[in-house]
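In what follows, a structure is listed as structure tokens, so that the remarks can point back to it.
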Number of protein chains: 2
Amino acid sequence: MTSELQIFQDYIRQRGLRRTPEREEILREIFEVHGHFDVDGLYLQLKGKGSKVSKASIYRALPLFIDCGLIREVDFSDGHWHYEHIYGHADHNHLRCLGCGEIQEFEEPTLQLLEEQLAHKYHYQIKGHQLQVYGYCTACRLKDWGRQGV
Amino acid sequence: MTSELQIFQDYIRQRGLRRTPEREEILREIFEVHGHFDVDGLYLQLKGKGSKVSKASIYRALPLFIDCGLIREVDFSDGHWHYEHIYGHADHNHLRCLGCGEIQEFEEPTLQLLEEQLAHKYHYQIKGHQLQVYGYCTACRLKDWGRQGV
DNA sequence: ATGTAATTGAGAATTAATCTCGATAATAAC
DNA sequence: GTTATTATCGAGATTAATTCTCAATTACAT
Ligand SMILES: [Mn+2]
Ligand SMILES: [Mn+2]
Ligand SMILES: [Zn+2]
Ligand SMILES: [Zn+2]
């Protein structure tokens, strides 16, 4: 059993929840795919492989995966949530092009320090952070030079 | 005329748009209120003062204010967008309690440097960033100690 | 094997945001 | 000032992501 599945089963048992094939299918698919995903894409992917899991089950499973630290929500400001698995991956943030939607990932280790400072200053137990930086990539800047401030 | 209104009128003229009392009312209300707001709250506030502006007009005006740098979207991950005016305010980020929703604002000037580094490294024209840090405040931690990892 | 209660799928409900459309009114040209 | 043009308005319909409902199923404990 892959260790993400193991982590999830431990979480399930600890909470008195139930192990179901649907939840396993969804989790497996998430960790087979690299990169970001959204509910609709994940649903279609599973469906394409012959799976019968419903969208409702996906919507119900994702909060569990988030809660046990396997995935996280990612905000691309396009009207719905995206997600990515984080277990086994280096912490990173996203630089997004407002023109074409391209995503560049980058690491910024100093944010870990920031979390610790904030925890101390405001007496918070920090669970995580999200940083989105946005702007225009070279291609979009050239394409769209009518906009001011190019 | 307040300078935020001036900035908006300049923007309007430059774009060949029209000056309307509705847009002015909305902008005025945004800058009279301190703190964060959402569409529904802003609408009710205006209504309470006898204004006749519709929600549709608010939804249409906000992107204009964002575009000319007077306000920005703020993500509190509660299902809809929040906003805050930024003109005349120090750049800041948000620390949010996952229990009670309390927001702490904090400044982190090094993010400006990060923007410059990213602009250079990825050849982006950076327009801004959003950083949310989230966790549990002292009160919620005490209240809810059943959660693991307190 | 049996009882229980968590989980499922399908579709209805909710709700933020956008769109449509006829009426209104801001601006420019005369 | 009058007129023409067309951006903007309000009201309500529409869209789309997410949540909810409920009867049927099934995981798990006994
Ligand atoms: Mn990523
Ligand atoms: Mn703020
Ligand atoms: Zn681009
Ligand atoms: Zn709290």
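Computed from a prediction, not measured in an experiment: that's the story for all the values here. Every chain is numbered from 1, with letters handed out A, B, ... down the list of sequences.
- Within residues 74-84 of chain A, the residues having any heavy atom under 4.0 Å from DNA chain D are, by residue number, Gly79(A), His80(A), Trp81(A).
- Here the two rings, on His94(B) and His36(B), have centers that are under 6.0 Å apart.
- Following rounding to the nearest Å, Tyr59(B) (OH) and dC19(C) (P) show an atom-to-atom distance of 13 Å.
- Fit an axis to the five pairs at each end of the helix from dA1(C)-dT30(D) to dC30(C)-dG1(D) and the two axes sit 40° apart, to the nearest 10 degrees.
- For the pair Leu46(A) CG and dG9(C) P, the computed distance is 11 Å after rounding to whole Å.
- Glu29(A) meets the salt bridge (charged side-chain N to carboxylate O under 4.0 Å, His left out) test with Lys49(A); sequence neighbours excluded.
- Heavy-atom distances under 4.0 Å link DNA chain D to Leu17(B), Arg18(B), Thr20(B), Glu22(B), Arg23(B) of residues 17-34 of chain B, given in residue order.
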Donor-acceptor pairs are to be reported for all side-chain atoms of residues 116-124 of chain B against protein atoms at under 3.5 Å, with residues two or more places apart or in another chain.
| from | atom 1 | to | atom 2 | distance (Å) |
| --- | --- | --- | --- | --- |
| Glu116(B) | OE2 | Gln112(B) | NE2 | 3.3 |
| Tyr122(B) | OH | Glu105(A) | O | 3.4 |
| Tyr124(B) | OH | Glu102(A) | OE1 | 2.6 |

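- Under the salt bridge (charged side-chain N to carboxylate O under 4.0 Å, His left out) criterion, Lys55(B) pairs with Asp40(B), sequence neighbours left out.
- For Thr138(A), there are no side chain to side chain donor-acceptor pair (under 3.5 Å) partners, not counting sequence neighbours.
- Grouped with Leu113(B) in a hydrophobic cluster is no other residue, since no side-chain heavy-atom contact under 4.5 Å to another Ile, Leu, Val, Met, Phe, Trp or Tyr is found.
- Atom CD of Gln9(B) is separated from atom P of dA26(C) by 13 Å (rounded to the nearest Å).
- Backbone-only engagement by Lys52(A) is indicated by non-hydrogen atom pairs under 4.0 Å involving sugar-phosphate atoms exclusively.
- By the salt bridge (charged side-chain N to carboxylate O under 4.0 Å, His left out) test, Asp91(B) pairs with no residue at all, sequence neighbours left out.
- Cluster partners of Val74(B) are Phe76(B), Ile103(B), counting Ile, Leu, Val, Met, Phe, Trp and Tyr whose side-chain heavy atoms approach within less than 4.5 Å, directly or via other members.
- Taking every nucleotide of DNA chain D with any atom under 4.0 Å from a non-hydrogen atom of chain A, the first and last of them, 5' to 3', are dA17(D) to dC28(D).
- Contacts of Glu115(A) classified as salt bridge (charged side-chain N to carboxylate O under 4.0 Å, His left out), with partners at least two apart in sequence or in another chain: none.
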